[in-house]
Amino acid sequence: MRLALLVLGLVAAAVAETWFQEKFDDGEGWADRWIQSKHKSDYGEYKVTAGKFYGDADADKGLQTSQDAKFYAAGVKFDKGHSTEGKTLVVQFSVKHEQNIDCGGGYVKVFPSALEQEKMHGDSAYNVMFGPDICGPGTKKVHVIFAYKGKNLLTK
């Protein structure tokens, strides 16, 4: 019986569909996929790097914010539309803070497909937002917020 459950678990994992995955392993190719917002002229610029500490310099690359005290806004669309009806949705990303910060966050937002990425800004409507929030010594948490029927629902 245990073997049958294990096999079913492995089969279920094998049929999962990946909607988006970014490895930043093609040099500057990421810049053709990721659209930086032009809503404000003073957004910070990203660079691709494994950072100051890593396990594998090539496999651990990601987008790094390159300027202090800036807001950042960039996004990439899924290749096609998707429905989560009757399915479990898993959204995952990694954040690595390499410097001590007083106040800041590193959020991922899943937007409706109609979003014009060049016009994206902090108040753009989203479906899901999550990521770490640090502000002073007393606030170190991960926000998970779902937008539903015009309201932002913060999970606790």
Side-chain angles (χ1 to χ4, degrees), residues 12-52 54 59-156:
V15 296
E17 180 183 4
T18 300
W19 293 351
F20 177 77
Q21 180 177 13
E22 179 67 78
K23 294 184 178 183
F24 300 103
D25 59 357
D26 61 348
E28 293 298 314
W30 73 274
D32 294 330
R33 292 183 299 278
W34 288 78
I35 306 300
Q36 296 210 33
S37 176
K38 295 179 175 89
H39 179 74
K40 291 177 24 178
S41 62
D42 62 344
Y43 281 128
E45 293 185 20
Y46 294 99
K47 66 180 181 177
V48 173
T49 179
K52 295 177 185 174
Y54 48 83
D60 294 344
K61 287 182 181 174
L63 286 183
Q64 183 181 66
T65 55
S66 65
Q67 300 163 284
D68 291 342
K70 292 279 190 174
F71 286 99
Y72 291 81
V76 62
K77 288 192 178 236
F78 296 136
D79 291 335
K80 61 181 182 172
H82 299 279
S83 172
T84 58
E85 187 173 338
K87 300 176 185 174
T88 298
L89 174 66
V90 176
V91 181
Q92 176 180 330
F93 81 115
S94 297
V95 175
K96 177 172 57 170
H97 292 290
E98 294 184 327
Q99 64 188 41
N100 291 327
I101 59 174
D102 293 327
C103 200
Y107 305 111
V108 164
K109 292 182 179 181
V110 178
F111 292 99
S113 60
L115 175 75
E116 293 181 57
Q117 292 171 271
E118 295 86 2
K119 297 179 181 178
M120 174 178 50
H121 54 86
D123 292 328
S124 295
Y126 60 87
N127 296 325
V128 180
M129 178 181 113
F130 72 98
D133 183 31
I134 300 171
C135 202
T139 302
K140 291 184 178 162
K141 58 187 170 184
V142 175
H143 282 293
V144 179
I145 303 171
F146 296 94
Y148 183 69
K149 293 185 177 181
K151 294 184 179 181
N152 294 336
L153 307 172
L154 178 64
T155 61
K156 294 183 181 187

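Computed over heavy atoms, backbone and side chain alike; hydrogens, waters and symmetry mates excluded.
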- Query: Between W34 and K77, does a side-chain contact (heavy atoms from CB on, under 4.5 Å) hold up when you go through it step by step?
  - Reply: CA-CA 8 Å; W34 288 78; K77 288 192 178 236; over 6 Å; no
Donor-acceptor contacts under 3.5 Å from residues 137-151 side chains, at least two apart:
{"unit_1": "H143", "atom_1": "NE2", "unit_2": "D133", "atom_2": "OD2", "d": "3.2"}

- Note on the structure: Residues A125 and P112: closest non-hydrogen pair is O-CD, 3.3 Å
- Sorted by first residue and then second, give each ring pair (Phe, Tyr, Trp, His ring centres under 6.0 Å) pair with at least one member in residues 84-116; sequence neighbours left out. F93-F130
- Please assess M120 against L115 for the test side-chain contact (heavy atoms from CB on, under 4.5 Å), listing each intermediate value before the final yes or no. CA-CA 7 Å; M120 174 178 50; L115 175 75; 4.2 Å; yes
- Look at the rings of Y46 and Y72 and say which category their plane angle falls in: under 30° parallel, 30 to 60° tilted, over 60° perpendicular. tilted
- Run the salt-bridge test on R33 and D26 with the 4.0 Å N-O cut-off and return the result as yes or no. yes
- Message: Considering only residues two or more places apart or on different chains, which pairs with a residue in residues 110-119 satisfy side chain to side chain donor-acceptor pair (under 3.5 Å)?
- Response: E116-K119
- Query: What distance separates E98 CD from K96 NZ, expressed to the nearest 0.5 Å?
  - Reply: 4.5 Å
- Task: Might you confirm whether atom CG of D42 has over 12 heavy atoms from other residues, nucleotides or ligands at distances under 6.0 Å?
- Result: yes
- Message: I need the W30 CH2 to E22 CD distance, nearest 0.5 Å.
- Response: 9.0 Å
- pair L154-N152: side-chain heavy atoms closer than 4.5 Å: no
- Message: Any heavy-atom pair between the side chains of D102 and C135 that's under 4.5 Å?
- Response: no
- Message: Between E85 and K87 (salt bridge meaning N to carboxylate O under 4.0 Å), is one present in this structure?
- Response: no
- Please lay out, stage by stage, how L63 and V48 fare under the test side-chain contact (heavy atoms from CB on, under 4.5 Å). CA-CA 5 Å; L63 286 183; V48 173; 3.9 Å; yes
- Message: Measuring from atom CZ of F71 to atom OG1 of T65, what distance do you get when rounded to the nearest 0.5 angstrom?
- Response: 12.5 Å
- Test side-chain contact (heavy atoms from CB on, under 4.5 Å) applied to Q21 and K23, step by step: CA-CA 7 Å; Q21 180 177 13; K23 294 184 178 183; 3.3 Å; yes
- Task: Mind checking salt bridge (charged side-chain N to carboxylate O under 4.0 Å, His left out) for E45 and listing every partner two or more places apart, or none if nothing turns up?
- Result: none
- Item | Spacing of K52 atom NZ and Q64 atom CD [to the nearest 0.5 Å] | 8.0 Å
- Task: Flag the pair I134 / C103 as yes when at least one side-chain heavy-atom distance between them is below 4.5 Å, and no otherwise.
- Result: no
- Item | Residues forming a side-chain hydrogen bond (donor to acceptor under 3.5 Å, both in side chains) with Q67, sequence neighbours excluded | none
- Side-chain (S37) to main-chain (H39) donor-acceptor, under 3.5 angstrom: yes
- Would you give the length of the straight line joining atom OG1 of T84 to atom CH2 of W19, rounded to the nearest 0.5 angstrom? 5.5 Å
- Query: What pairs with Y126 under ring-ring contact (aromatic ring centres under 6.0 Å, His included), at least two apart in sequence or on another chain?
  - Reply: none
- Query: Got K70 and D68 here, is their nearest side-chain heavy-atom distance under 4.5 Å?
  - Reply: no
